[in-house]
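Here the structure is laid out as structure tokens; the discussion comes afterwards.
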Amino acid sequence: MTEMNENPLFLLPEVFLGGSAVLGLLLGAWLPRHRQWLVAALGAAACTAGIAAAGVAAADAPVTAFDGAFAVDPVTSTVRIVVLGGTLVVLALSTAPLRGQARESEFHVLVQLSALGALMLAGSQDLLLVAAAYLLASVPSYALAGFLKDGPGTEAALKYFVIGALLGVLFLTGITVVFAAGRGTAYAQLGGTLPEAPAALVGTGLAGVLAGLLFKAGAVPSHFWVPDAVQGSSPPAAALLTTLPKIGALAALYRLLVAPLAGSEVPWPEVVAVLAALSMTLGNFGAFFQTDVKRLLAYSTISQVGYLLMPVAAAAASARAQPALLYYLAAYALTNLGAFAVVCSLPHARTLEDYRGLLRRHPALTLSLIVCLLGLLGTPPTAVFLGKLEVFTAAVDGGLAWLAVVAAANTVASLFYYLRWIRPAVSGGGDSPSHRALRPPAVLACVTAAASVVLGIAGGPVLGVMTGALAG
């Protein structure tokens with residue numbers, strides 16, 4: 001039995017981040033250009049306070065707030081810690097390249113607003129609140145994609161926005177159809193009405209909702225924006241686009257499918273399983289012959305979403321699905337942000353060949369790159385290795401052994417393009433301007449790579465914390 005409370009303190013991490021964004025926007029209008037970094041410092045303080053508040057809330061029993069519209073449970077708590085930690089990393093990555101720019105404070109504010117949308121997505125238990133969170137996570141991301149206002153950035157923002165607008169309309173249409181089928185938007189109400197509604201109507205509404213959430217996650221068939229948007233964005237913005245919105249969207253998808261659709265006749269586990277297989281396969285095929293490092297990571301993140309969808313597909317039949325999903329989200333966030341930290345530290349290295357000879361100039365940075373790329377592959381003892389074991393186990397336990405076989409084959413195939421990046425980095429080569437590393441992102445790359453290994457070694461206790469019932 002969960003407690004219902006209207007206390008806004010249950011949303012303390014979200015309040016910290018939203019307040020920091022508003023205050024940072026006001027400060028940015030008055031601070032001189034050389035002190036705009038204070039907005040990033042304020043955001044970092046809000047994220048740190050939010051992580052502490054989320055840790056305290058995680059120790060309590062699951063609760064719902066505001067008439068059940070928002071839940072505080074293991075899913076929300078884990079996403080809070082992962083997203084706020086990821087926001088800290090993105091803010092740190094952006095300080096060096098943006099230092100002294102006229103719009104430095106606006107970038108930091110947009111990062112915080114996008115992260116706030118991801119947090120709200122994870123805890124929402126009402127479709128109307130999910131729609132508001134979806135827009136909050138999307139609109140700042142469009143601006144971040146085109147923040148540099150150059151040719152590639154403008155193209156990235158335009159493609160991202162056009163596809164997002166189309167799928168956003170489908171998303172809102174799907175919510176409308178689900179409302180018509182279930183006569184409400186609250187998950188508690190839909191859980192009782194959707195099983196009795198016509199399956200065709202529920203399936204139509206779910207298709208629209210899936211279109212929107214899969215767009216935020218960057219999964220097939222809503223993945224077309226990812227390569228161009230990531231390639232055209234600045235490296236810190238690309239790190240955010242491929243990590244934070246994805247975490248919130250997958251958590252929202254998991255909560256939606258497990259709670260109100262648990263008793264529905266719509267075969268959503270099979271649908272999600274097929275989308276998982278397509279995402280990991282098409283993502284890997286797209287990455288095979290890429291030479292641009294950001295574009296390669298963009299296709300890699302599409303394939304990673306396929307693995308993340310595996311526990312979602314098995315959620316109805318396996319108790320191991322929830323901790324597997326949450327742990328993989330944390331492992332992926334750390335490892336992917338570490339890879340982008342390497343990209344941020346070498347702003348002039350845009351292609352795989354530009355990394356040739358990196359080992360001789362920056363051995364620690366090269367080691368971090370190897371750890372992160374092999375971590376995305378799933379090599380022990382990194383966190384993604386344990387995450388993949390967990391999602392494979394959840395899939396088999398949930399009756400989706402065929403999906404685990406497809407995922408294993410894709411894991412082996414992905415080794416090809418990760419090694420295509422590692423090989424020039426460890427090979428000999430002459431001095432190059434592309435090897436001049438920015439120190440703050442390079443240090444952050446080493447830290448995140450080390451944290452990925454630590455999380456992999458300490459996976460057992462972390463998985464135990466992520467197990468628990470949803471608030472309802």
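Since the model is a prediction, treat every value here as computed from it, not as a measurement.
- Between Trp225 and Phe161, the distance from one ring center to the other does not fall under 6.0 angstrom.
- Neither side chain, Ser414 nor Asn284, offers a donor N or O lying under 3.5 Å from an acceptor on the other.
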Show, in sequence, the C-alpha distance, side-chain angles and deciding distance for Lys149 and Thr154, and conclude whether the side-chain hydrogen bond (donor to acceptor under 3.5 Å, both in side chains) test is met. CA-CA 6 Å; Lys149 296 201 297 186; Thr154 302; over 6 Å; no
Step by step, would you call Tyr160 with Ser138 a side-chain hydrogen bond (donor to acceptor under 3.5 Å, both in side chains)? CA-CA 10 Å; Tyr160 190 14; Ser138 298; 5.9 Å; no
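- Taking the centre of each ring, Phe10 and Phe70 stay at or above the 6.0 Å mark.
- When side chains are defined from C-beta on, Thr382 does not count as touching Thr335, because their heavy atoms never get closer than 4.5 Å.
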Decide yes or no on side chain to side chain contact (heavy atoms under 4.5 Å, CB included) for Leu261 and Val202, but give the supporting numbers first. CA-CA 9 Å; Leu261 288 169; Val202 177; 3.8 Å; yes
Between Leu190 and Thr185, does a side chain to side chain contact (heavy atoms under 4.5 Å, CB included) hold up when you go through it step by step? CA-CA 7 Å; Leu190 292 175; Thr185 57; 5.5 Å; no
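- Taking the side chain as every heavy atom from C-beta outward, Pro74 and Met466 never approach each other to under 4.5 Å.
- Under the 6.0 Å distance and 45° angle rule, Arg103 counts as a cation-pi partner of Phe147.
- In this structure, Lys159 pairs ionically with Asp228, as a charged nitrogen and a carboxylate oxygen lie closer than 4.0 Å.
- Residues Tyr418 and Ser300 bring a donor and an acceptor atom of their side chains to less than 3.5 Å of each other.
- Two residues are said to be in side-chain contact when any heavy atoms from C-beta on lie closer than 4.5 Å; Tyr307 and Leu403 fail this criterion.
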Evaluate the criterion side-chain hydrogen bond (donor to acceptor under 3.5 Å, both in side chains) for residue pair Asn410 and Thr281; output intermediate values, then yes/no. CA-CA 6 Å; Asn410 273 280; Thr281 304; 3.3 Å; yes
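- The number of heavy-atom neighbours closer than 6.0 Å to CZ of Phe416, taken from other residues, nucleotides and ligands shown, is above 12.
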